[in-house]
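Accompanying notes for the structure given below.
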Amino acid sequence: MATKTKALPIFLSLLVVLALVEVSHGKLVIYWGQDSSETSLNATCNSGLYDLVNIAFLNKFGSGRTPQLNLAGHCNPANGGCKSLSSEIINCQKKKIKVLLSIGGGIGQYSLASTADAKKFADYLYNNFLGGKSTSRPFGTAVLDGIDFKVELGSAQHWDDLVRFLAAYSKPGRRIFLSAAPKCSIPDKFLGAALRTGLLGHLWVQFYNNPQCQYRPGDTSKIIATWKQWASMKWTTKLLLGMPASKAAGSGFIPAGVLINQIMPEIKKTPKFGGVMLWNRFYDRASNYTAVIRSSV
Ligand SMILES: *[C@@H]1O[C@H](CO)[C@@H](O)[C@H](O)[C@H]1NC(C)=O
Ligand SMILES: *[C@@H]1O[C@H](CO)[C@@H](O)[C@H](O)[C@H]1NC(C)=O
């Protein structure tokens, strides 16, 4: 009798642990905004495939430039055309999908000239896209969940300042979600100091267009070793695997079977594992990649 009454609670707590392991899935992150035929933001969120959408990009800012969005053919920010995204952002958020603004990108003009310039730009982001107020809000009244750093051009200066100023706007109950998409080679050429602040909570590392650390057909050793290096950094909180959504999206494409059977089981051992990021919605829609891998992430 005595052993039975002891065994039952142990058995039940074991079940709870198993259930928790079962539901601890990683997040699916997608970049949206660089091709008008990728479907609307509403349709992207309504697809049920993603947990977080990065709107890409604000690609002109800093050093005296007037900040400017580039969302391909989706809308024209110059005539207020992107305000129509407001209802779509709210629709996504109602579905518990976070929506961030990604700053930077591979094409554009951006840099921060000084700490004061970083402060000015942080204020601009807060007032125009986050919880602040401005008459010029490009996405209207919708309040984005945060800012993503995809800095790939210009200089390495003052990104750490910008991260600190943005983080200082976080309030209890309205935390500003800060993330970055560094390239997989360590240290990142532009974001090194910003990463070391420890304030960029989620890192979706670009394991693509970086031959020195990305997947090579038949060889998962480099990508797994580099993943472990990123995971070992004390300032990494959550780590996500950034990949091209198809062969056309960039070099380093990982066939779904290789990802599911060889890479996922390895990287999911990392307690900091947070999911995967895909570049981008246009390619993902054509390849159906997320739909195929989603249950394994
Ligand atoms: C996006 O979807 C929401 C919810 O269905 C809807 O209210 C809103 O009008 C849509 N926005 C656009 C621009 O279609
Ligand atoms: C996409 O993949 C899912 C999951 O494997 C599948 O159910 C669906 O039919 C696929 N869609 C297309 C268009 O291939």
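Heavy atoms only: backbone and side chains are in, while hydrogens, waters and symmetry mates are out. Atoms within a ligand are numbered from 1 in the order they appear, just like the ligands themselves.
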**OP:** Could you check atom 11 (N) of ligand 1 against the protein and tell me its nearest heavy-atom contact, residue, atom and distance included?
**Re:** S87 OG, 2.8 Å
Subject >> Under-4.0 Å salt bridge between D161 and R164 >> reply: yes
**OP:** Return the residue, atom name and 0.1 Å-rounded distance of the protein heavy atom closest to atom 4 (C) of ligand 2.
**Re:** A291 O, 3.7 Å
**OP:** May I ask you to identify the nearest protein heavy atom to atom 10 (C) of ligand 2, giving residue, atom name and distance to one decimal place in Å?
**Re:** N288 ND2, 2.5 Å
**OP:** May I ask you to decide if the ring planes of F121 and Y124 are parallel, tilted or perpendicular, using 30° and 60° as cut-offs?
**Re:** parallel
Original post:
For N42 and ligand 1, does the shortest N/O to N/O distance drop below 3.5 Å?
Top reply: yes
Original post:
What distance do I97 atom CD1 and D51 atom CG have between them, rounded to the nearest 0.5 Å?
Top reply: 7.5 Å
Subject >> Contact atoms of ligand 1, heavy-atom distance to E88 under 4.0 Å >> reply: 11 (N), 12 (C), 13 (C)
**OP:** Evaluate the side-chain hydrogen bond (donor to acceptor under 3.5 Å, both in side chains) criterion for residues D35 and N280: first the C-alpha distance (whole Å), next the side-chain angles of each, then the deciding distance (0.1 Å), finally the verdict.
**Re:** CA-CA 9 Å; D35 193 298; N280 62 25; over 6 Å; no
**OP:** May I ask whether atom 7 (O) of ligand 1 is less than 4.0 Å from at least one protein heavy atom?
**Re:** no
**OP:** Could you find the nearest protein heavy atom to atom 5 (O) of ligand 1 and give me its residue, atom name and distance?
**Re:** N91 OD1, 4.3 Å
**OP:** Assess whether side-chain hydrogen bond (donor to acceptor under 3.5 Å, both in side chains) is satisfied between R285 and T44, documenting all intermediate values.
**Re:** CA-CA 9 Å; R285 184 167 168 256; T44 299; over 6 Å; no
**OP:** Could you walk me through whether Q214 and S251 pass the side-chain hydrogen bond (donor to acceptor under 3.5 Å, both in side chains) test, one step at a time?
**Re:** CA-CA 8 Å; Q214 72 195 20; S251 70; 3.1 Å; yes
Original post:
Does atom 2 (O) of ligand 2 have a protein heavy-atom neighbour under 4.0 Å away?
Top reply: yes
